[in-house]
Colleague: 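Input: one structure, supplied below.
Bear in mind that the values here come from a model prediction, so they are computed numbers and not experimental data.
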Amino acid sequence: MRNNIRCYRLYKGVSQRWLAQKVGCSHSTLGAIERGESAPNVYLAMRIARALDATVEELWRENHDR
């Protein structure tokens with residue numbers, strides 16, 4: 001599942017480890033989600049979006065225009 005998490009994370013200037021710690025998952029799990037190898041559950045998706053000051057819709061938008 002494609003997403004914009006990495007783009008938003010880099011735009012915010014935060015590391016993968018920081019974001020993973022902030023949302024309560026491992027950095028390897030977050031990396032798999034960023035690469036589209038794994039999909040988060042709804043609650044983790046919401047925590048990721050909140051930590052990046054984004055919406056779930058923005059992070060998983062079909063057209064990656066950011």
Side-chain angles (χ1 to χ4, degrees):
M1 175 180 280
R2 296 190 51 147
N3 61 66
N4 293 316
I5 296 171
R6 184 173 188 271
C7 293
Y8 273 74
R9 181 176 59 74
L10 294 175
Y11 178 76
K12 292 289 185 179
V14 299
S15 70
Q16 198 175 68
R17 284 186 188 271
W18 180 90
L19 182 57
Q21 184 176 15
K22 180 85 172 168
V23 302
C25 71
S26 70
H27 75 279
S28 59
T29 297
L30 185 60
I33 293 169
E34 282 188 0
R35 291 187 302 275
E37 297 170 358
S38 179
N41 63 38
V42 172
Y43 302 107
L44 181 54
M46 290 171 59
R47 289 194 309 265
I48 292 169
R50 197 172 302 124
L52 295 173
D53 294 322
T55 65
V56 172
E57 292 82 5
E58 288 171 328
L59 294 180
W60 277 272
R61 182 183 338 223
E62 280 297 315
N63 58 347
H64 302 279
D65 60 355
R66 181 158 188 189

Colleague: Is there a continuous path of hydrophobic side-chain contacts, each under 4.5 Å between heavy atoms, that joins M46 to L30?
Modeller: yes
Colleague: Are V42 and L59 connected in a single hydrophobic cluster, I mean Ile/Leu/Val/Met/Phe/Trp/Tyr linked by side-chain heavy atoms less than 4.5 Å apart?
Modeller: yes
Colleague: State, to 0.1 Å, how close N3 and I5 come at their nearest heavy-atom pair, and which atoms those are.
Modeller: OD1-N, 3.0 Å
Colleague: Can any side-chain N or O of R35 pair as donor or acceptor with the backbone N or O of G31 at less than 3.5 Å?
Modeller: yes
Colleague: Give a yes or no on this: more than 12 heavy atoms of other residues, nucleotides or ligands lie within 6.0 Å of atom CZ of R47.
Modeller: yes
Colleague: Hey, what do you get for CG (L19) to CG (L52), rounding to the nearest 0.5 Å?
Modeller: 5.0 Å
Colleague: Indicate the atoms forming the closest heavy-atom contact of A49 with V56, along with that distance.
Modeller: CB-N, 3.7 Å
Colleague: Enter the distance from Q16:CD to H27:NE2 here, rounded to the nearest 0.5 Å.
Modeller: 7.0 Å
Colleague: To the closest 0.5 Å, what do you measure between OG (S28) and CZ (R17)?
Modeller: 9.0 Å
Colleague: Are W60 and L10 grouped together when hydrophobic residues (ILVMFWY) are joined by side-chain heavy atoms under 4.5 angstrom apart?
Modeller: no
Colleague: With heavy-atom distances below 4.5 Å as the criterion, would you say the side chains of N4 and E58 are in contact?
Modeller: no
